[in-house]
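Note that the coordinates shown come from a computational prediction; the quantities given were computed from them, not determined experimentally.
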Amino acid sequence: MPDAGAIHMLLVPHLLDIDAEFGTREVLDVAITVFALILMALSLSAYRKTRLRRLLIVSVAFGLFAVEVLIRQLDDFVFALGVQADQMVVGAMEFAILLLFFFAIVVRD
């Protein structure tokens with residue numbers, strides 16, 4: 001029976017992408033996430049002051065945008081399973097973000 005160290009060495013590299021590099025794409029993703037969170041906070045603040053429903057919708061869209069980038073990064077650095085489920089989730093989230101922005105434009109307060 002293999003020891004725990006051997007099992008660890010066989011399983012961990014497949015679950016954690018230890019050799020992944022932190023490059024330009026990752027720096028941009030961090031900047032995008034931070035900016036989306038700042039925009040979400042600003043739109044939530046504006047919603048609290050004005051109570052315009054469209055600002056709440058925009059806040060949710062910015063929050064989803066930040067989550068979408070985080071999911072993509074988690075898949076690249078942590079899970080790296082090669083499963084396309086993350087692509088379907090990210091695609092669905094991008095569609096939801098576009099719908100929310102559309103609703104924010106057409107909603108009457």
Side-chain angles (χ1 to χ4, degrees):
M1 178 166 201
D3 62 26
I7 293 174
H8 177 71
M9 293 304 291
L10 289 173
L11 292 178
V12 170
H14 296 292
L15 295 176
L16 298 174
D17 191 5
I18 295 170
D19 296 328
E21 295 181 17
F22 196 74
T24 305
R25 178 176 164 231
E26 289 77 19
V27 171
L28 284 173
D29 281 344
V30 168
I32 290 168
T33 302
V34 169
F35 190 56
L37 291 173
I38 289 169
L39 291 174
M40 182 183 75
L42 289 172
S43 58
L44 279 174
S45 175
Y47 169 73
R48 285 189 202 123
K49 291 177 184 174
T50 64
R51 294 293 180 203
L52 292 173
R53 207 170 8 155
R54 65 180 58 192
L55 290 173
L56 187 61
I57 294 170
V58 168
S59 297
V60 172
F62 285 133
L64 280 177
F65 198 80
V67 169
E68 181 260 332
V69 174
L70 288 173
I71 287 173
R72 197 174 52 219
Q73 284 303 309
L74 279 175
D75 180 63
D76 287 348
F77 282 105
V78 177
F79 300 113
L81 298 175
V83 179
Q84 292 186 355
D86 70 309
Q87 293 174 1
M88 291 187 299
V89 169
V90 167
M93 289 181 75
E94 288 174 349
F95 183 71
I97 291 165
L98 289 174
L99 277 176
L100 287 169
F101 282 128
F102 171 75
F103 288 138
I105 291 170
V106 298
V107 164
R108 302 257 181 211
D109 286 316

**Report entry** Approximate separation, where rounding is to 0.5 Å, of Q73 CD and I71 CD1
**Finding:** 11.5 Å
Query raised in the report: Counting only N and O atoms by type, is there a donor-acceptor contact under 3.5 Å from the side chain of T50 to the main-chain atoms of A46?
Result: yes
Requested in this report: With rounding to the nearest 0.5 Å, note down the distance linking CG in L70 to CD1 in I32.
Outcome: 11.0 Å
Query - Spatial distance of atom OG1 (T33) from atom CD1 (I38) [nearest 0.5 Å] - result: 11.0 Å
Query raised in the report: Are L100 and F35 grouped together when hydrophobic residues (ILVMFWY) are joined by side-chain heavy atoms under 4.5 angstrom apart?
Result: yes
Distance-only check: which donor-acceptor pairs under 3.5 Å involve side-chain atoms of residues 54-65, not counting sequence neighbours?
unit_1 : atom_1 : unit_2 : atom_2 : d
R54    : NH2    : V107   : O      : 2.4
S59    : OG     : S43    : OG     : 2.6
S59    : OG     : L44    : N      : 3.2
S59    : OG     : L55    : O      : 2.8

Query raised in the report: Do F102 and L98 touch side chain to side chain, with heavy atoms closer than 4.5 Å?
Result: no
Report task. Mind jotting down which residue pairs meet the salt bridge (charged side-chain N to carboxylate O under 4.0 Å, His left out) criterion with at least one end in residues 56-65? Sequence neighbours excluded, please. Result -> none
Query raised in the report: Do the side chains of L99 and F101 join up, straight or via other hydrophobic residues, at under 4.5 Å, putting them in one cluster?
Result: yes
**Report entry** Sequence neighbours excluded, every pair satisfying salt bridge (charged side-chain N to carboxylate O under 4.0 Å, His left out) that has a member inside residues 62-71
**Finding:** E68-R72
